[in-house]
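Worth knowing before you read on, the calculation uses all heavy atoms, side chains too, and leaves out hydrogens, waters and symmetry mates. Reminder, nothing fancy here: chain letters follow the sequence lines and each chain counts from 1.
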Amino acid sequence: AQTVTQSQPEMSVQEAETVTLSCTYDTSENNYYLFWYKQPPSRQMILVIRQEAYKQQNATENRFSVNFQKAAKSFSLKISDSQLGDTAMYFCAFMKRVGGSARQLTFGSGTQLTVLP
Amino acid sequence: DSGVTQTPKHLITATGQRVTLRCSPRSGDLSVYWYQQSLDQGLQFLIHYYNGEERAKGNILERFSAQQFPDLHSELNLSSLELGDSALYFCASSVSLTGIETQYFGPGTRLLVL
């Protein structure tokens, strides 16, 4: 079974600074996908960024980028120029194909990020 | 707005009761996933339907069941409710985009069992 570990329950960063959230996972699969979702106080789950395991190039999405280290099974999220609206719980998630079209997400326990003014 | 809708937003009920949560996926999405978010268990996958057929089951209790209808909306039925079933229930739908199956989440239904 896959497991996803987020070892930082809480983090804070000053507005405009850069912060990195850590995520490690355990799997025997070779083909899988990784995601970061954010959950602001509204509780809506919002996709931040995604990465395909077979791609060596790290994904970027505006101020968000990842550092994907497949051998180390590490998938960290870097937020640049942090904004107050980035305050949220951030979840790392792993997805593998489970036969046919079944693709379930396994989530980490989350990191609560607070951006300080 | 993800395009996934869930009703109701909030639900308060008593132990032993039965409730039904409803989800409408994004237009064109054939897959619906249900997740439960609770304080003690975190975010857990419950069940996946694809085009009306059950495709995968996660940590779903026997008291819970789901189905996906021909119009692709889905319902999650929770019966013999217990206090521990209080949680935020999400549904998500998926679209294949450049080979990555991204799941877009609805706003969730917050269930409180008293």
Can you name the closest pair of heavy atoms from [X] and [Y] and give their distance?
| X | Y | answer |
| --- | --- | --- |
| A:L105 | B:F45 | O-CB, 3.9 Å |
| B:F90 | A:M45 | CZ-CG, 3.7 Å |
| A:R50 | B:Y104 | NH1-OH, 4.1 Å |
| B:P107 | A:Q44 | CA-OE1, 3.4 Å |

Indicate, with yes or no, if [Y] and [X] share a hydrophobic cluster defined by side-chain heavy-atom contacts under 4.5 Å among Ile, Leu, Val, Met, Phe, Trp and Tyr.
| X | Y | value |
| --- | --- | --- |
| B:F105 | A:Y33 | yes |
| B:L112 | B:L83 | no |
| B:V113 | B:L88 | no |
| B:L76 | B:Y50 | no |
| B:L21 | B:Y35 | no |

Against chain A, label B:Q44 side chain, backbone, both or neither, depending on which of its atoms sit under 4.5 Å from a heavy atom there.
neither
Select one option (side chain, backbone, both, neither) describing which atoms of B:Y49 are under 4.5 Å from chain A's heavy atoms.
neither
Return the [atom1] to [atom2] distance between [X] and [Y], rounded to the nearest 0.5 Å.
| X | Y | atom1 | atom2 | result |
| --- | --- | --- | --- | --- |
| A:F107 | B:Q41 | CZ | CD | 15.0 Å |
| B:D1 | A:I46 | CG | CD1 | 10.5 Å |
| B:L43 | A:Q39 | CG | CD | 6.5 Å |

Indicate yes or no: at least one non-hydrogen side-chain atom of A:Q104 is less than 4.5 angstrom from one of B:R55.
no
Would you say B:Q103's side chain and A:L47's backbone share a donor-acceptor pair under 3.5 angstrom?
no
Inspect the surroundings of CG in B:D71 and state if more than 12 heavy atoms from other residues, nucleotides or ligands are less than 6.0 Å away.
yes
For the NZ atom on A:K70, are there more than 12 heavy atoms of other groups (residues, nucleotides or ligands in this structure) within a distance under 6.0 Å?
yes
